[in-house]
Amino acid sequence: MNEGEPELNKRKSAMIGLSVLSSVSLALTACGGENSSDTSPEKPNTTASAPNAASADPAGKYEPPITVHSIRPVDSTVTYDAGEDITNNRWSDYFKNELGIDIVYDWTTAKNDDYTNKLNVIIASGDKPADIYQVNASQLQQLADAGVLADLNEAFDKYASPLTKKLMNGDGGKSMSSATFDGKLLALPQGSATITSNDVLWIRTDWLKNVGLSEPKSIDDLVKIADAFVNQDPDKNGKKDTLGLGITQGPSLTNGGVADLGGWFAGFKAYPDRWVKDAAGQAVFGSIQPEVKQALAKLQEMYKSGLIDKEWAVKDSDKFGEDVLTNKVGMWYGANWNSMYPIDISKNKDLLQVKPFSLVAVDGKQPVVQAVDPSVNNYFVVNKDFKHPEAVVKLMTAFQEKLWGESSEFEKYGTNANQSVSYFKYPLVQSWPATKDIPDNLDAVRAALSANDTSKLNSEQKGIYTSIKAFNDGDIVKGYSTARQYDAFEVIKKDDLNNQLFSLFYGAPTPTMVEKKQALDKLEQEVFTKIIMGAVPVDEFDKFVADWKKLGGDQITQEVNDWVASHK
Amino acid sequence: MRVLKSFKRDYTLHLMLVPALLLVLVFSYYPMFGFVIAFEKFVAYKGFFHSKWVGFDNFRYIFKMPDFLPAFRNTAIIAILKIVGNLIVPIVIALLLNEVRQTFIKRGVQILVYLPHFLSWVILAGILKDILSPSGGIVNELITALGFKPIFFLGDNHWFRFTLIASDVWKEFGFNTIVYTAALTSINPSLYEAAVVDGASRWKQTLYITLPGIVPIIILLATISLGNVLNAGFDQVFNLYSPVTYSTGDILDTLVYRVGIVSAQYSVSTAIGLFKSIISFVLICASYGLAYRLANYRIF
C-alpha cells in the first residue's frame, strides 16, 4: 500500500529465514548425534560381515580385517614414546597387521572410577556399550542377568593357545569359574598376581638413623618410631614439621594401596572388608570382628598423642604424595609399587633411603598374615550381537604370547629399558600370570644378579635385571623404583608366600549387597574415621557392629555363606 | 478468533520461539518419562516397559534408609542458609557499591567479586583444602596469630556446614550483586532529588526509595531460589566432604550419586530425585502465591 510495505516484507522473510534456519540446524545436530551413537555400537559388523575364514589358529589373521568398537579407561599413568598414543601404537599395529583386528575406542576416561560410573549410566540407559569391553564384577552380573553377553566357551576352547589356557587357569580355575554363569563362559577374567597386592611397611631409613632407632619388630616399636619421627626432628631441619604414621582417607581405608591401613589391621589379626572364616568355619565379615576394635583403639591413642596427621581424613593419596615428596612423612603402609607412586625419585633424591619392611604385629610375632582378594578385578566381555566373539580370545592370546610366550619381545611390548614407559598398558584385553612377579621373576632376577649371568632370563626379566643392575651401579633415577619394588617383593615372598589368606567371597555382589552395601560401607568409613580421630569413643564400635548386622549385614552374611557353599 | 488473528499477525515471532521450545521439550520434558522407573524395579536391559511395576515400594524403601533422613535434614539446612546468605549479602554489597562515587572503584570491585563465580568447585576445593588447612593454611595462620586455636574447617562437624555456606556465598554473591546493581540504576533519579528537597538523609533515602525500588527483583530472585531449596550444591559438597563430615555434610544429591551411579540402584535414586522435585515444585507454587499476595507482584 505504501513504500514501507516491501521493506517490511523483506524484514519479515529475513526473520522467517532466521528462525527456520535455527530450528533446522538444531534438528541437524540432533540427527548428527544420533547417527554417530547409532553406528558405533551396532554397525561395525557390516564391515566384517563377509565370512572370515579365520582358522582355529589363535594367531590367524582376519581377511578382510575386522573393526572392533570398544571403550576403556586410560589413566594418567599411561605414557607413550613420541608418535604413539592409545589408538596408534606398537600393540595396535601388531593387532592390525598380524591379527587383522582394528580396535576403535568410542570413548575413553582418564580415571577408572569415571569409567565404571559412565558404563553404569550406559547400562542403565539400555544401550549396548561396545563390542568388547571391560566390566567389574557387579556389572558382569547385571549384564549376565540381562543375557546380552556372548558365550565364549567354544571360542576359548578353539582359539586360546596352550600358554593362555595355562595362564588363565593359573589360580586353580578360581577366576575362570567366577566368569562362568550356568555353564556359560561370559567373560575373560583379568587376572593379576594376587600376592603382590599385599602391603609392606615403607620407612625412611635415613630418618631412622637420625633418631637412633632400628627397624620395627612389633607395633610397639612402630609407635616408638612414629613418636621419634614427630618429636625428634628426623630431617634435622630444626623445625617440628614431620608426621608419624602416614595414613589417608581411601576410596577405602583398608586396601587403598597408598598409606592405607590394611597392613596395620593385619598386625592385630583384623581383616576389615574381607570375608574370613570364624572358629565355627562360617564366613564372617572382617570389619565387625573384635580385633578391629583393638586396632582402632590403638590408632585413636596415636592420633590423640599427635602421631597421626590431624588432617589425614581430608587427604587423598595425591595430597599424601605431596607430603612424601616434601619430606614431611617417613613411614606408611603401602603396596609394592609405592616406589613409583607416591615416591618419585626424580623429584626428590632424599627418598633414596625409603625402604620396604615386614609388617609388624601387636604380639610381636612375625610373619604377619594378610588377607587379600582373589585375583580378579575386571572382566572382558563381548556383546552378544558381535559376529566375532573369538576376537577377544585372540587378543588375550596375543597379549600373553608377546609378553611371556616363546616369541616374547618384552622390551618392545612390555616396558622400555629404564622402566619409564609401560607399553603393556596399551592393549585392551590383558591378564597376568598369577605367580609372575613372586616368585618367578624375583627368583630368576636374583639368581642372575648373583651369578652375573642373564642367559636364563626372559625378555621381561632382562629389563628388570638391567634396572636393578643400574641401581646397584649408582644410577639412582633409572633403577630406584624397580630395585625397591623387588625389595618389597622379597619381603612379601618371605612373609606371605606360604601364608596366604584369601577373602572367601569373590563373586559379584549379592542381591542384598546391591541394595545395602553402599550404606554399610559409608557407615563403616564414617565410624572408623571418627574413632581414629577421637570424635567418638572406641565403644562406638560395638554400636557399629549392631547397626551393621541390623541394616542388612546379617542377610549379606547369609548370602555370602550360600555363595561360598556353592563354590567349594 | 481473536487469538488466531493475533497469531497470524505475530507468527514470525512464534516461529522464533520454536528452537527454544524444541530444546525444552527434548531436554526437559522428554526425560520426564524416565520418572516411571521410580515406580518399577528397573532392570536396564528390560527397559521401561518390561521392568516389574512395584508402585510405591521404592519410596517406602527410601524413607526407611538410615541415610535418608540425615541427608534430607542436611540438605534443607545447608540449602536454606545458602539461600538466605545469597539473598542478603548481595543486597548489602549492592547498596554499598551504590554509594561509591568513583566509577573506577565501583567497576573494579564488581569485577573482582564476580570472578569466583567462574571457578569450578573441583579447582576451588583443592584451593580451599590448602588455605583452610589447620597446619599452615593461611586462614588458620591468621586465627592463631590473633591468639585463637586453629580450626579444622573441613574436618570438624561444628564448622563444616558453616564452611560450605560461607564458601558458597563468597563464590556466588558477585553474580547477584550485578543483578541488584542493575536494578538500582533503574530507579528514577527524580525521586532522590525530591527526597533531598524534603531533607531526607542518605540512610532515609536508602530506606524509603532504594529498597522499595528493588523489592520486585528481590522477590523474583527469592522465589526462583526457593525452587532450589533441596539443591544444596552437589559439586561443592562432593569435592569437600569426607567420612568425618558425613554426618553434617551428606546431602540428597551425594546420596543419589552413591546409590544410583556407584551402586547402580537406578529405581531408588530416581525415587529420591522425584521426591526432591515434587517438594521443589510445591515450594515454587507456594512462593509464587505468597509473592502475589504479600507484594502484589506477579512473576509469570
Side-chain angles (χ1 to χ4, degrees), chain A residues 11-13 15-16 18-20 22-23 25-27 30 113 116-118 120-127 138-139 142-143 145-148 241 249-250 253 309-316 319 509 513-519 521-530 533 535 547 550-551, chain B residues 11-23 26 34 37 42-48 61 64-68 125-126 129-130 132-137 150 152-157 240-247 250 254-255 257-266 268-270:
Chain A
R11 219 186 300 154
K12 240 183 191 174
S13 49
M15 266 185 349
I16 300 171
L18 194 71
S19 49
V20 168
S22 49
S23 26
S25 67
L26 182 80
D113 285 355
T116 308
N117 293 343
K118 191 162 175 173
N120 274 344
V121 171
I122 292 179
I123 293 174
S125 72
D127 281 345
S138 73
Q139 288 164 341
Q142 273 188 48
L143 296 168
D145 288 346
V148 294
D241 60 352
Q249 68 149 317
L253 261 182
D309 185 0
K310 290 268 176 251
E311 284 170 70
W312 72 271
V314 297
K315 282 185 179 169
D316 55 18
K319 282 265 177 211
M513 279 190 194
V514 171
E515 256 184 39
K516 307 276 168 77
K517 190 152 183 305
Q518 73 80 24
D521 285 349
K522 177 185 162 237
L523 180 71
E524 176 184 320
Q525 272 209 332
E526 188 177 358
V527 171
F528 284 14
T529 306
K530 281 184 166 171
M533 298 182 76
D547 285 346
K550 204 172 60 196
L551 295 173
Chain B
Y11 76 102
T12 44
L13 295 176
H14 285 105
L15 221 53
M16 289 172 83
L17 200 65
V18 167
L21 213 61
L22 270 181
L23 280 177
V26 170
I37 71 175
F42 181 64
V43 177
Y45 281 98
K46 289 186 183 160
F48 296 155
Y61 174 74
K64 272 193 284 179
M65 267 169 79
D67 286 343
F68 180 76
K129 274 181 196 172
D130 278 334
L132 295 178
S133 155
S135 50
F152 193 178
F153 288 101
L154 294 173
D156 185 336
N157 277 315
L240 288 175
Y241 80 160
S242 61
V244 222
T245 44
Y246 275 164
S247 53
D250 190 23
T254 47
L255 182 68
Y257 168 80
R258 286 200 311 273
V259 173
I261 306 284
V262 180
S263 7
Q265 284 180 269
Y266 309 113
V268 177
S269 58
T270 309

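These figures come from a predicted structure and were not determined experimentally. Below, chains carry the letters A, B, ... as their sequence lines are ordered, and counting in each starts from 1.
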Pick one of side chain, backbone, both or neither for [X], based on which atoms fall under 4.5 Å of a heavy atom in chain A.
X      : value
B/N157 : side chain
B/P66  : side chain
B/S133 : both

Checklist entry - Looking at residues at least two apart in the chain, or sitting in another chain, which of them share a side-chain hydrogen bond (donor to acceptor under 3.5 Å, both in side chains) with A/K517? => result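 Counting only residues at least two positions away or on another chain, A/K517 forms a side-chain hydrogen bond (donor to acceptor under 3.5 Å, both in side chains) with A/D521.
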
For [X], is it the side chain, the backbone, both, or neither that has a heavy atom closer than 4.5 Å to a heavy atom of chain B?
X      : value
A/V514 : both
A/A124 : both
A/Q139 : neither
A/I123 : both

Checklist entry - Do you know which of A/V148, A/D547, A/V121 has the most heavy-atom pairs with chain B at a distance under 4.5 angstrom? => result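 If we count pairs closer than 4.5 Å to chain B, A/V148 comes out on top.
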
Checklist entry - Of the listed residues (A/K118, A/M513, A/E515, A/K530), which shares the most heavy-atom pairs with chain B below a 4.5 Å separation? => result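 The residue among A/K118, A/M513, A/E515, A/K530 with the greatest pair count is A/E515.
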
Checklist entry - Among side-chain atoms of B/Y257 and A/N117, is any donor-acceptor pair under 3.5 angstrom? => result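 Side-chain D/A pair, B/Y257 to A/N117: present.
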
Checklist entry - Looking only at side chains, do A/T529 and A/Q249 share a donor and an acceptor under 3.5 Å apart? => result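 The criterion, which ignores hydrogens and geometry beyond distance, is not satisfied for A/Q249 and A/T529.
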
Checklist entry - Does B/F152 have A/K310 sitting over its ring (NZ/CZ under 6.0 Å from centre, angle to axis within 45°)? => result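 Verdict for B/F152: no cation-pi partner in A/K310.
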
Next on the checklist: Is the terminal nitrogen or CZ of B/R258 (NZ for Lys, CZ for Arg) located under 6.0 angstrom from the six-membered ring centre of B/Y241 and within 45° of that ring's axis?
Outcome noted: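 Negative - B/R258 is either too far from the ring of B/Y241 or too far off its axis.
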
